[in-house]
Amino acid sequence: MYVCSCFGITEDQVREHAAAGACTPRQIAATSGAGTDCGSCVRRIQGLLGRPCPRREPATATATPERHTPDSAAAPPTARPLPAAGAPALSPLPPRAPAAAV
């Protein structure tokens, strides 16, 4: 029986893809195109798969991503330097003139 009439994918083809390792409708779509046009077959594909994917092994507790900690003396690259003592403070931008009516 056809599961995806947009691409002519049958139940047997979905099962073949599942046997080859596809375990989500998205993986079936990547290999066959089923579910990528109108999407009405996605729930049927999920029903045919009917099993959860094997979970990937969780990351070990010792593997932590490296984080960049900037030197406390260095300013971030987007920060403006503070004015020297006694120097005039930075002034805000002047207000914009109203646009001319056309």
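As the structure is a computational prediction, the values presented were derived from the model and not from experiment. Any value given below was found using the heavy atoms of this structure, including those in side chains, with hydrogens, waters and symmetry copies removed.
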Determine whether Cys23 and Leu49 make a side-chain contact, defined as any pair of heavy atoms from C-beta on separated by less than 4.5 Å.
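Contact flag for Cys23/Leu49 side chains = no.
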
Find out whether Ser32 and Gln13 are in side-chain contact, i.e. whether some heavy atom of one side chain is under 4.5 Å from a heavy atom of the other.
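Not in contact.
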
Nearest heavy-atom neighbours spanning [X] and [Y]:
{"X": "Gln27", "Y": "Gly21", "value": "OE1-O, 4.0 Å"}
{"X": "Asp37", "Y": "Cys6", "value": "OD2-SG, 3.5 Å"}
{"X": "Cys4", "Y": "Cys41", "value": "CB-SG, 3.7 Å"}

Listed partners of Tyr2 passing side-chain contact (heavy atoms from CB on, under 4.5 Å), at least two apart:
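Per chain and number, Tyr2 pairs via side-chain contact (heavy atoms from CB on, under 4.5 Å) with Thr10.
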
Gap between atom CG of Leu48 and atom CE of Met1 - 0.5 Å precision:
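Between Met1 CE and Leu48 CG, I get 10.5 Å after rounding to 0.5 Å.
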
Looking at CD of Glu16 and OG1 of Thr31, how far apart are the two atoms once the value is rounded to the nearest 0.5 Å?
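Answer rounded to 0.5 Å: 10.5 Å.
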
Check side chain to side chain donor-acceptor pair (under 3.5 Å) between Glu11 and all other residues, then give those that pass, not counting sequence neighbours.
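Once residues adjacent in sequence are excluded, the partners of Glu11 under the side chain to side chain donor-acceptor pair (under 3.5 Å) criterion are Arg44.
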
Is it true that, when you exclude Arg15 itself, more than 12 heavy atoms of the residues, nucleotides or ligands shown sit nearer than 6.0 Å to its CZ?
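It does: Arg15 CZ has more than 12 such atoms within range.
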
Determine, using the 4.5 Å side-chain heavy-atom cutoff (strictly less than), whether Ile28 and Val42 are members of one ILVMFWY cluster.
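Ile28 does not cluster with Val42.
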
